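Step one of this worksheet: look at the structure below.
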Amino acid sequence: MSLQLYNSLTNQMETFESLEPGVVRMYSCGPTVYDFAHIGNFRSFLFGDLLRRTLELFDYQVHHVMNITDVGHMVEGETDKMSEAANRMKVNKKSGRVPEGAVEDPNDPYQIADYYTNAFLEDARKLGYKIASEYPENVPKATDHIEGMQGMIKRLIERDHAYVAEDGVVYFSVESFPKYGELSGNTLEKLQSGAGGRVSDENQSRKRHPADFMLWKPDQHHVMKWDSPWGVGYPGWHIECSVMASELLGRDVIDIHTGGEDLIFPHHECEIAQSCGASGAESFARYWIHARFLMVEGEKMSKSKGNFFTARDVFNGDATGSEVHPAVLRYELIKSHYRANMNFTKKGLEDSSGVVKRMLDFEARLEQETGGQAAEVDLSHPVLSKFAAALSSDLNISEALAVVIPWLRQEHRDPRESLAVWRAVNSVLGITDITEESAGGDPIFDQVQQWGEEMKEARSRKDWDASDAARQKIIDAGYEVQMVKDGGVVITKSLA
RNA sequence: GGCGCUGUGGCCGAGUGGCUUAGGCACAGGUUUGCAAAACCUGGUACGCGGGUUCGAUUCCCGCCGGCGCCUCCA
């Protein structure tokens with residue numbers, strides 16, 4: 001089965017072929033760790049996860065790497081993201097929102113980075129993001145690869161792709177790399193004509209070309225700094241990905257590179273320039289796959305609009321008013337096509353919870369009927385072949401789900417075969433292996449069970465008023481009640 | 001201004017030059033039920049606007065209008 005993917009590099013659909021048969025080397029741009037990752041980040045990360053799992057369904061062995069950006073790069077106004085995080089951390093520590101002992105010293109950027117790295121990994125694992133379980137071997141931190149970055153910068157200088165400017169800053173010379181602009185369409189001419197008044201500040205005059213970008217900046221005052229041949233300072237933002245991709249994947253040319261669409265320019269354009277400039281290879285990644293942005297209730301997510309949600313805001317109910325099971329958030333974030341704008345809504349989350357519940361019930365029933373003994377199936381199975389065909393068409397998840405969901409409802413005469421099919425489907429969707437870790441510690445769980453007993457007892461007396469009262473209390477507590485034929489009552493926590 | 005994506009029924013969201021032309025949610029009717037819920041069965045409505053190509057277009061082409069992203073830190 002041939003996998004079609006939309007390649008941002010060529011702006012067209014292409015048939016995927018790996019460089020080495022049966023093996024895929026894939027890199028995803030990961031999170032910055034100055035704050036909790038938000039649902040938009042996870043939409044992009046989970047798209048990478050879906051791609052990886054799809055490749056695995058097609059029997060590729062996937063070596064997937066994702067970085068953690070823990071260097072606080074300078075931003076406009078000379079504020080370092082790590083210093084900002086430190087200030088936030090101090091406030092949060094005072095108000096008790098950061099657990100005791102989690103961050104001893106808010107002025108230590110490594111502690112802050114560790115804190116948010118752990119939070120990210122925790123959220124990512126809850127969401128079934130496979131690579132989060134491969135930390136640290138496939139999830140490198142930028143600060144652990146400073147030496148490699150310096151090596152690549154040296155090589156770029158040797159090969160005349162980079163230079164040290166009057167102010168001591170090392171810049172990449174975009175004019176030395178004719179292909180600059182190939183990915184984003186922002187060629188040098190276009191950049192110049194569209195630049196307007198944005199690039200005419202003091203720093204620009206020291207560059208040979210306004211689009212030249214920083215590789216190393218000597219700066220004694222930066223919160224994170226390292227010794228280097230160009231003075232004590234810190235690396236540019238783009239160099240880390242070029243370095244970690246080649247170091248961890250062991251190749252100058254990799255198969256797939258993923259990220260959010262906003263990274264196309266300048267980040268990925270610059271990665272290509274650096275990697276190809278240093279290696280001399282024709283290309284860096286052969287397929288560039290980008291996910292579209294996530295909207296919230298029809299609007300761009302932004303802090304000022306109050307619709308800016310982290311994954312944990314959604315889990316704990318701060319986003320929608322009720323707690324959300326991680327599997328539901330995962331489903332919600334992967335259920336629409338990665339190259340379409342996705343609209344995150346409370347309604348969508350409720351829809352998703354219904355589907356997730358159906359999947360969980362379905363799997364539980366089959367596991368019970370078969371004792372967990374699945375038959376052998378492969379992609380030639382009618383359901384799987386349709387499912388795989390849909391995914392092979394540029395990850396058409398909607399069509400794939402349209403194959404699976406109605407199938408769940410059908411009569412399953414051969415539960416062992418159905419279980420095997422389901423396991424293959426779920427190896428891509430990753431829904432039912434997310435277990436309910438959060439519900440175990442629910443303080444009102446015992447109370448709710450107590451109401452359930454009351455309800456059952458009242459029903460046996462046909463005391464409908466008492467039964468209804470107990471039922472209402474359970475529902476108000478955020479649980480669902482199901483009657484069973486023999487007079488029993490089954491209580492489940494609402495998924496969203 | 002430049003580059004790219006996009007506009008489908010009440011909502012979300014696939015797809016196709018003509019063939020009973022997804023799926024989900026919601027809604028309506030039904031089965032079930034003490035009443036509900038859940039579950040199951042049944043049902044309806046669509047292709048932004050204007051041209052063109054064609055025997056025939058929601059699907060191809062052109063124009064227009066609208067939405068979104070990037071061009072500056074950002075998944």
Side-chain angles (χ1 to χ4, degrees), chain A residues 6 8 11 28-32 34-35 37-48 66 69 72-77 79 81 84 181 183-187 189-196 198-199 201 211 237 258-269 290-295 298-302 331-333 335-345 347-355 357-358 361 386 390 393 396-409 411 458-459 462-465 467-468 471-472 474-475 480-485 489-490 492:
Chain A
Y6 185 89
S8 306
N11 285 325
S28 297
C29 282
T32 51
Y34 335 116
D35 206 343
H38 60 255
I39 54 177
N41 295 322
F42 278 113
R43 184 313 214 239
S44 154
F45 298 147
L46 289 177
F47 134 73
M66 182 187 69
T69 298
H73 301 281
M74 281 291 181
V75 294
E76 209 138 333
T79 325
K81 289 255 174 91
E84 287 180 353
L183 175 67
S184 63
N186 289 328
T187 55
E189 310 83 73
K190 281 175 184 159
L191 280 174
Q192 235 154 3
S193 58
R198 283 194 290 249
V199 290
D201 67 9
W237 169 39
T258 71
E261 58 172 333
D262 56 327
L263 294 181
I264 294 172
F265 191 89
H267 187 54
H268 289 162
E269 194 70 66
H290 293 99
R292 295 297 307 275
F293 259 51
L294 175 87
M295 316 280 287
E299 289 190 291
K300 187 177 175 178
M301 183 163 68
S302 71
Y331 184 85
E332 175 69 10
L333 291 176
K335 77 177 180 187
S336 57
H337 188 83
Y338 75 92
R339 221 148 39 74
N341 266 142
M342 157 179 224
N343 193 15
F344 179 88
T345 60
K347 168 92 161 46
L349 222 40
E350 284 162 4
D351 289 0
S352 293
S353 78
V355 176
K357 190 171 185 338
R358 204 194 289 182
D361 289 349
K386 281 187 206 152
S393 169
N396 191 337
I397 186 73
S398 302
E399 200 182 313
L401 290 168
V403 173
V404 172
I405 295 172
W407 173 75
L408 299 178
R409 233 198 283 266
E411 194 183 348
R459 278 167 57 78
K462 297 202 191 301
D463 182 349
W464 308 125
D465 286 345
S467 169
D468 290 352
R471 178 167 66 193
Q472 195 54 48
I474 296 167
I475 290 168
E480 282 165 12
V481 185
Q482 281 179 58
M483 306 297 172
V484 189
K485 281 232 161 66
V489 174
V490 176
T492 47

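No experiment lies behind these values; they were computed from the predicted model shown. When reading the values below, keep in mind they use all heavy atoms of this one structure, side chains included, and skip hydrogens, waters and symmetry mates. In what follows, chains carry the letters A, B, and so on, assigned in the order in which the sequence lines appear, proteins first and then strands, with residues in each chain numbered from 1.
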Legend entry - Value in whole Å for how far the P atom of B:rG34 lies from CD of A:Q472: 20 Å

Inset, instruction - Answer with base, sugar-phosphate or nothing: what part of the nucleic acid does A:K300 contact at a heavy-atom distance below 4.0 Å? - result: sugar-phosphate

Inset, instruction - May I have the distance from A:F265 (atom CZ) to B:rC74 (atom C1'), rounded to whole angstrom? - result: 14 Å

Legend entry - Rounded distance in Å between the P positions of B:rG48 and B:rC12: 14 Å

Legend entry - Aro-ring/base stack A:F45-B:rA75, d under 5.5 Å, angle under 30°: no

Legend entry - Nearest-Å distance for atom pair NE2/P, residues A:H38 and B:rC73: 17 Å

Inset, instruction - Indicate whether the side chain of A:T32 and that of A:K81 have a donor and an acceptor atom separated by less than 3.5 Å. - result: no

Inset, instruction - Give a yes or no on whether a salt bridge exists between A:R471 and A:D468, defined as a side-chain N under 4.0 angstrom from a carboxylate O. - result: yes

Inset, instruction - Mark yes or no for whether A:S467, through its side chain, and A:D463, through its backbone, hold a donor-acceptor pair below 3.5 Å. - result: no

Inset, instruction - Check every strand shown and say whether A:I475 touches a base, only sugar-phosphate, or nothing at a heavy-atom separation below 4.0 Å. - result: nothing

Inset, instruction - Let me know, please, whether A:Q482 or A:K335 comes out on the 5' side of the other along RNA chain B by nearest nucleotide. - result: A:K335

Inset, instruction - Treat primed atoms plus P, OP1 and OP2 as sugar-phosphate and everything else as base, then score nucleotides 3-9 of chain B 5' to 3': B for base contact with protein heavy atoms under 4.0 Å, S for sugar-phosphate contact only, - for none. - result: SBB----

Nucleotide N/O of nucleotides 42-44 of chain B paired with protein N/O under 3.5 Å:
none

